[in-house]
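Please read the structure below before turning to the comments.
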Amino acid sequence: MKKKFTVLFVVLVVASMLLAACQQEVVEEAPTTLVFSSRLFSPPAEQEFFINEIAKPFEVENNVVINFQIIDDQTLLDRADVQQNTDHVTTDIVVAHNSRMAEWIENGWIEDLTDIVAGWKDRTFSEAFVENTNKDGKQYFLPVGADVYLLLANNKALPYLPDGVDLDTITWEQYAAWAVAVAEGEGEGKVCITGIPAKSWVYMFGGTALSYGAGFPDANSAGALDAWRVWESIGKAEGFVPTVLNIDSCVDPMMREESWLTVFHNARAGQVYASNETQFTLAPAPTGPVGTGSIAGVSGYAIMKGSANYDLAVKFLEYLTRPDIQVKLAKGTGGFIPPVKEAMDFLGDEAIDEVINKAVLVLENGVVSGVPAGNYQDWGAVKACFDDVFADTILTGADITQARLDEAQACIDALLK
Amino acid sequence: MNRKVNKKIIKAAKDTVFYLFLTTLIAGMLLPVYFIVSLSFLSTREAYRYPLPLVPALKTDFELTYGENGYILSVWDRTDKEYQTVLDTNEVEKMEVYIKARLGTKITQEEIRAEIARLENSGQESIFFTKPRSLLYNYDTFFKVTRDAVPALIRSIEIAALTILISLSIGGLAGYAFARYIFKGKDALRFSVLFVRMFPGVAIALPMVFILAKANLYDEPLGLSLIYSVGAIGLTIWITASIFMGIPKSLEEAAQVFGGSKLQAFMRVTLPLALPGLAASAMYTFLGAWNETVAAIILTQFKPTFSVVVYQTLLGAQGNVNLAAAGGIAMALPALIFTFFLRRYINQMWGGVTV
Amino acid sequence: MVATRSKSLRKMWGQATPYLLILPVVIYYAIFWVRPVIAVIIGSFTDASGVFTLQNFVMVFSDENFWPALNNTAIIVLFSVTIEFIGALFLALLINRKFFGSGIFLFLTLIPMALPAVATGAMWITGLTAHGWINSLLYYLGVLAEGEKIYWLGGIEPNPTKLLALVIIIDAWQVIPSMMIILLAGLQNLPKAAKEAGYVFGGNFMTVLRKITMPMLRPTIQTAVILRLISAIQIWLIIVLLLGFGRIPVLVERIVYYHEEVPGLNISYQMAAGYTIVVSTIVSLTALVYLRVSGAFKKEETA
Amino acid sequence: MATLEIINVTKRFGRKVIAADNVSLEVHDKEFLVLLGPSGCGKTTTLRMVAGLEEVTDGNILIDGVDVTDLPPRKRNISMVFQNYAIWPHMTVYENISYALKLKRMEKSEIDRIVHEVADMTKIGELLERIPAQLSGGQQQRVAVARAIAVSPKVFLMDEPLSNLDAKLRVSMRTELKAIHDSAKATTVFVTHDQSEAMSIADRIVIMRHGKITQTGTPEEVYDKGANLFVADFIGTPPTNFFDVELQRNGKGLHLVNSYFDLRLLPENEARLKGYNKDQLTLGVRPENIILVKKSKSILDTTALVVEPQGSHQVIAFRLGEKIIKIVAPALPKMEMGETIHLDFQQESLRFFDPESTLAIGD
């Protein structure tokens with residue numbers, strides 16, 4: 001028996017090594033591989049779509065293999081750190097979130113694409129994201145998959161909608177009143193926001209604040225105070241789902257019907273919406289005195305410095321940012337907004353187009369801000385300043401005081417570079 | 001004679017109680033595991049129902065009726081015991097995709113068209129039909145989305161095997177020294193071996209990766225094995241030391257007396273005797289190497305481990321807990337198989353062999 | 001002359017053997033472990049510009065999360081090691097009875113240990129949420145009425161005690177098997193006669209366990225507890241998986257926090273390095289104290 | 001077969017512990033030599049140095065005139081039976097016995113022949129396919145012996161091979177070992193702490209104490225002519241009785257006197273003490289040499305404290321001051337506890353020792 005085990009073990013080791021060796025040869029015989037590491041399109045269905053519908057035609061046409069990998073922003077940076085500092089650059093294209101773009105640019109890990117973009121005449125990148133994707137007048141990131149915030153409601157909440165409120169023009173006060181009505185009627189809060197620190201609360205609040213004329217990230221301006229009041233009123237009526245502190249994304253609670261109301265990321269809202277179109281209603285984010293505020297997130301393509309396949313990478317990016325491909329990509333991946341102006345011409349009238357249309361409405365007509373992460377030492381720490389206010393005032397039903405907000409602002413300002 | 005029967009009955013009763021107790025205990029312990037497994041077979045829609053269905057459905061019941069935008073598709077909800085609408089559309093393709101992806105149920109566009117025709121021809125307000133569920137849909141999707149799952153799986157086994165090899169050979173030598181020799185600084189050395197485990201590994205994971213990458217072990221399975229061995233060696237030393245201590249030295253001496261060199265004596269006598277224990281200690285190493293992601297994801301590019309591809313697939317599994325469950329189970333399965341075959345040796349792990 | 005030289009060489013070789021056997025480990029650690037560790041140690045004693053300072057530790061100790069983290073860690077270690085030890089001992093004693101099917105039983109109890117973090121994470125998160133499988137099960141069992149829910153991970157009201165208890169139970173669930181293995185092997189190597197003598201001389205199950213089995217099992221218990229102690233102090237992953245950063249701060253979670261969550265702060269590296277040194281100091285001190293108190297060193301000296 | 005010479009061999013562990021201190025001895029061809037001594041006396045260490053399992057700190061070991069001091073065990077042409085047998089639990093009996101032969105690359109048929117031969121000799125022919133866990137202690141012991149003789153070594157080493165057996169088996173194995181030795185004609189070194197085992201089995205006994213050899217001789221020599229107090233005490237059961245006495249020259253003769261008796265020595269014993277001019281002496285008398293006599297002839301009267309009938313004889317214990325003295329008397333007449341007994345010493349076998357040096361006097 002023991003002998004058998006030894007033999008088995010040895011066979012296993014040898015066999016696995018042989019197999020690995022075989023594989024290696026296969027890899028070597030294959031055409032050029034372009035490594036595409038992305039934080040975007042992480043849901044499996046989106047991955048599948050990107051691989052089969054977007055990458056494949058390019059692969060066939062150019063005889064390359066696109067090695068598509070999903071990695072979160074932090075790991076992507078860690079990986080780049082190792083690759084850049086040990087001269088083993090194997091990643092060709094990265095897709096980063098705008099809150100982390102500054103780190104990429106400042107570390108000098110990505111190529112300056114200004115000249116290349118200048119040569120593409122058929123597309124105009126949305127101005128909303130220049131702050132993040134460019135630095136010192138140079139373009140490093142090509143925006144893709146922009147998002148704004150949309151209102152998503154479970155139809156079970158519709159009966160509580162205050163009379164005369166039109167979901168397409170709902171205001172923040174009406175939204176709050178609605179949330180309170182739901183909480184009172186159901187005996188339990190149903191509004192979803194992300195309660196786990198350093199997730200999306202800063203954006204959820206930021207959209208409200210922008211609607212009231214505040215800047216971003218403002219914690220204590222007059223507009224911000226008005227925004228806090230909206231959320232305070234929901235908090236005082238215990239309008240948040242009781243498990244709010246454990247939520248890091250509203251997708252699951254909305255799908256489980258633990259929560260019925262939320263204003264969040266359009267692609268994720270679209271994902272929930274698609275899970276049962278007859279059960280959910282999608283609307284633009286609520287408005288305020290100065291319009292519909294929303295933080296606009298975006299991801300961006302960039303080429304790693306030292307990429308061995310620079311020309312091919314440029315070619316692939318040219319392909320990916322083509323307006324028709326941008327639209328195809330946006331539609332196949334849950335409703336991101338294509339941040340290329342020309343792309344709008346390609347939108348149709350399917351349900352998904354409606355999601356995108358609503359989002360574009362917000363992006364075009366709303367009060368939109370990007371994420372000025374580059375101005376701060378650490379964007380996560382900025383988020384924490386907002387999270388803290390939420391945790392010790394709104395959540396507990398306490399009053400928002402100017403003093404508390406000033407403290408939060410001090411917290412934010414201390415993080416300025 | 002009566003007494004004999006009584007005794008038998010009492011024994012049977014005792015056994016029954018004992019096994020009932022065991023069953024309850026195991027059921028309690030494995031309840032969470034049951035749910036994650038069950039979840040991995042549920043359709044996305046059912047995975048988000050509350051209360052959660054206790055067992056996966058084997059079929060899906062549909063109701064088809066006329067709606068605003070075309071046809072309203074409803075499915076039987078086991079939780080609420082009613083048909084609930086899910087789609088109101090005219091597009092057959094959309095129905096097919098939805099039924100496949102959200103309900104984990106096999107259906108073709110032709111079949112949908114046939115049902116629609118049946119509705120139209122029946123003159124009734126609605127019709128009902130039933131389709132079998134594809135239970136393995138989540139696993140199917142998982143392996144479809146997870147690129148190179150099979151090579152990654154093989155690579156992971158290879159890396160785990162290499163890690164076992166490295167940590168057992170290097171750690172085993174030291175363990176042997178601690179078990180068989182008396183020397184100056186033995187206690188201090190043994191304690192410092194333990195100290196490696198005391199220093200939080202998360203704090204130095206990245207620098208270690210840098211060292212590896214600089215040593216041209218970037219994207220090499222060997223590189224990862226070397227990193228995993230750092231954590232594994234310390235434990236291996238402690239385990240092997242107690243295994244070797246459990247094997248009487250005289251067995252080895254006898255082999256020397258009867259014509260073997262020290263090495264032969266070790267290979268022919270001590271090693272075969274230690275093997276079960278070593279194999280069991282290999283299990284710890286295997287599990288550690290198998291489940292590790294942090295270093296692997298930074299250090300690999302073209303040769304990811306299975307844990308990395310699973311991680312990449314599941315990173316965005318929000319709204320897809322059933323898929324996450326399937327991925328978790330797919331990852332756990334090889335480890336469980338490994339454990340299953342090694343469990344018989346585990347008993348012998350810490351004290352060695354009794355002669 | 002030649003003879004004596006070869007003899008002394010052989011002798012030297014003989015004395016060097018244990019050191020030669022340990023050498024690979026030392027070299028291995030020197031290459032892969034010592035350098036990063038030294039870097040962290042240096043980092044903990046220097047400021048951002050590389051000048052010697054103790055400020056990092058002042059920062060760590062005055063961090064508002066430090067004392068809660070220390071406190072939480074202590075509570076988790078105390079309870080989880082105790083619970084895990086009792087649970088593992090119980091299981092080991094049970095399996096050691098070698099009943100029909102004990103092999104399969106052993107395997108089943110090992111399952112929690114073999115599950116990857118992805119699986120355990122998904123398992124507990126889907127279980128503990130308000131609309132999760134635990135509440136579902138309770139509902140089917142009739143414990144919960146319709147619409148009634150238990151907020152396992154805490155509702156609006158902060159309730160750290162409950163969360164700590166939850167973390168401890170979940171950790172125990174996963175760790176008991178690996179501790180059980182150690183104790184089981186130890187039990188199987190105990191001479192049967194000693195235990196039987198215990199019964200012959202009038203002991204019941206508990207007294208035999210306490211007065212005979214446990215003392216004889218002491219070396220095994222020491223190994224099991226020391227290994228567990230070391231990793232229990234470094235618990236963090238399950239907490240972050242369930243609750244995210246900062247809700248229940250623990251020591252190593254703080255290191256990860258500065259490494260992963262807010263790596264960009266001017267003080268992030270210093271804080272992480274400081275916490276790292278504090279943690280390893282606490283772990284080594286605890287381990288040393290445990291080894292001393294439990295008498296492991298004395299045994300070593302006579303061995 | 002062969003001779004074994006141990007020349008000035010010293011073994012030190014660390015700086016302080018001296019396990020063997022300048023040990024020299026010679027084992028003749030085909031001799032059965034027993035190393036005897038209490039535990040910790042260095043006998044096992046000495047044996048292990050011969051085997052090559054322990055390094056020699058100083059000195060030389062020669063087998064058949066060849067210096068093997070620095071050779072590893074496998075090149076010494078020895079074999080060994082270990083205290084706990086050290087038979088390999090993962091091999092069958094056959095594999096255990098044939099292990100060394102296989103390493104010598106012997107023909108399969110030859111190995112088979114030898115294995116069966118030694119198995120028959122040790123009466124384990126039936127057990128060859130078993131694994132050790134299925135064997136009783138005695139059977140394991142036989143396997144260990146069979147394994148040892150299979151290699152036809154020059155020197156055959158046994159490290160307390162019988163100590164793990166029960167009392168009865170030990171006695172019968174003892175006889176068998178002797179018989180096996182006689183037929184195998186191997187030069188044998190046998191280590192034991194059991195003096196009766198040594199007495200019954202040895203051609204020659206080497207008694208060790210504190211790492212040194214205190215006496216070497218045939219069983220009769222060490223029994224009758226113990227070189228010092230230690231040997232006299234160590235050999236024989238019940239042990240030799242010792243009395244501290246004063247030498248008194250009283251008119252015609254030499255008397256050994258203490259507060260219990262006054263023994264007048266016979267002239268031949270007086271002659272043995274001629275060169276001894278101290279006035280204190282330790283008198284050693286074997287239990288069987290203290291005899292029951294009539295009251296009139298006794299030199300010592302006392303009461304029996306304990307009487308242990310042994311069938312063929314009886315052991316009578318009595319108290320003399322602090323000491324318990326044991327004598328061996330014929331089975332009859334049967335003595336009772338508390339009975340007054342009258343005793344005399346048989347003068348021809350008295351032993352005299354210098355209480356300071358503990359050495360025997362007058363041999």
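So that the names make sense, note that chain A is the first sequence line, chain B the second, and so on, each numbered from 1.
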Report summary line: Cut-off 4.5 Å, heavy atoms of chain B, and the answer for C:Ile230 is side chain
Report task. May I ask you to decide if the ring planes of B:Phe35 and C:Trp133 are parallel, tilted or perpendicular, using 30° and 60° as cut-offs? Result -> parallel
**Report entry** Side-chain donor or acceptor of C:Tyr28 paired with backbone N/O of B:Ser167 under 3.5 Å
**Finding:** no
Query raised in the report: Would a distance-only check, ignoring hydrogens and angles, find a side-chain to backbone donor-acceptor pair under 3.5 Å from B:Tyr181 to C:Thr17?
Result: no
**Report entry** Region of C:Tyr140 that comes under 4.5 Å of a non-hydrogen atom in chain B
**Finding:** side chain
Query - Under 4.5 Å from any heavy atom of chain B - which part of C:Ile226 - result: side chain
Query raised in the report: Given that the side chain runs from C-beta out, which part of C:Ile111 has a heavy atom under 4.5 Å from chain B: side chain, backbone, both or neither?
Result: both
**Report entry** Donor-acceptor under 3.5 Å (C:Ser280 side chain, B:Phe199 main chain)
**Finding:** no
Report task. Under 4.5 Å, counting heavy-atom pairs only, tell me which of C:Leu251, C:Asn135, C:Val256 racks up the most with chain B. Result -> C:Asn135
Query raised in the report: For C:Ser178, does its backbone N or O pair with a side-chain atom of B:Tyr284 as donor and acceptor, under 3.5 Å?
Result: yes
**Report entry** C:Phe105 versus chain B, the contacting section by heavy-atom distance below 4.5 Å
**Finding:** both
Requested in this report: Tell me, for B:Leu336 versus chain C, whether the close heavy atoms (under 4.5 Å) come from the side chain, the backbone, both or neither.
Outcome: both
Report task. Against chain C, label B:Leu22 side chain, backbone, both or neither, depending on which of its atoms sit under 4.5 Å from a heavy atom there. Result -> both
Query raised in the report: For C:Phe32, is it the side chain, the backbone, both or neither that has a heavy atom under 4.5 Å from a heavy atom of chain B?
Result: both
**Report entry** Engaged part of B:Phe21 at the chain C interface, taking heavy atoms whose separation is under 4.5 Å
**Finding:** side chain
Query raised in the report: Side chain, backbone, both or neither: which part of B:Leu189 has a heavy atom under 4.5 Å from chain C?
Result: side chain
Query raised in the report: If you count heavy-atom pairs under 4.5 Å with chain B, which of C:Gly132, C:Pro36, C:Ala119 comes out on top?
Result: C:Pro36
Report summary line: Shortest non-hydrogen pair, C:Ile22 vs B:Ala177, comes out as CG1-CB, 3.9 Å
Report summary line: Here the pair of heavy atoms bringing C:Leu227 nearest to B:Leu235 is CD1-CD1, 3.6 Å
Report task. Please flag which part of C:Val37 lies under 4.5 Å from any non-hydrogen atom of chain B: side chain, backbone, both or neither. Result -> both
Requested in this report: Could you tell me whether a side-chain N or O of C:Tyr19 sits under 3.5 Å from a main-chain N or O of B:Lys184, the two making a donor and an acceptor?
Outcome: yes
Requested in this report: Examine whether an atom of C:Ala130 lies under 4.5 Å from a heavy atom of chain B, and if so say whether it belongs to the side chain, the backbone or both; otherwise answer neither.
Outcome: backbone
Query - C:Leu94, part contacting chain B, at a heavy-atom distance under 4.5 Å - result: side chain
Query - Flag if over 12 foreign heavy atoms under 6.0 Å of CZ, B:Arg78 - result: yes
Query raised in the report: Which atoms of B:Phe178 come close to chain C, meaning under 4.5 Å heavy atom to heavy atom: side chain ones, backbone ones, both, or neither?
Result: side chain
Requested in this report: Give, as side chain, backbone, both or neither, the part of C:Leu91 having an atom under 4.5 angstrom from any heavy atom of chain B.
Outcome: side chain
Requested in this report: Report yes if some heavy atom in the side chain of C:Met113 is under 4.5 Å from a heavy atom in the side chain of B:Leu287; otherwise report no.
Outcome: yes
Report task. Using a cut-off of under 4.5 Å on heavy-atom pairs, state which of B:Leu31, B:Val321, B:Ile170, B:Leu194 scores highest against chain C. Result -> B:Ile170
Query raised in the report: Is chain B contacted by the side chain of C:Phe90, its backbone, both, or neither, given a heavy-atom distance below 4.5 Å?
Result: side chain
Report summary line: Under 4.5 Å to a heavy atom of chain C? For B:Tyr311 that would be neither
Query raised in the report: Using non-hydrogen atoms only, which part of B:Ser229 is less than 4.5 Å away from chain C: side chain, backbone, both, or neither?
Result: both
Query raised in the report: What part of C:His131 lies closer than 4.5 angstrom to a heavy atom of chain B: side chain, backbone, both or neither?
Result: both
Report summary line: Checked B:Ile204, B:Leu25, B:Val193, B:Val230 vs chain C; the most non-hydrogen pairs under 4.5 Å come from B:Val230
Query raised in the report: Is a side-chain N or O of C:Gln234 found less than 3.5 angstrom from the main chain of B:Val202, in a donor-acceptor match?
Result: no
Query raised in the report: Got C:Leu20 and B:Leu173 here, is their nearest side-chain heavy-atom distance under 4.5 Å?
Result: no
Requested in this report: Answer whether the closest heavy-atom distance between the side chains of C:Phe99 and B:Asp15 falls below 4.5 Å.
Outcome: no
Query raised in the report: Can you say whether C:Ser284 sits under 4.5 Å from chain B via the side chain, the backbone, both, or neither, judging by heavy atoms?
Result: both
Query - Proximal component of C:Ser231, with respect to chain B [non-hydrogen, under 4.5 Å] - result: neither
Query raised in the report: Shortest non-hydrogen contact from C:Trp124 to B:Pro32?
Result: CH2-CG, 3.7 Å
Query raised in the report: Which answer fits B:Phe18, side chain, backbone, both or neither, if we ask what part of it has an atom under 4.5 Å from a heavy atom of chain C?
Result: side chain
Requested in this report: Answer with side chain, backbone, both or neither: which region of B:Ile227 has an atom nearer than 4.5 Å to a non-hydrogen atom of chain C?
Outcome: backbone
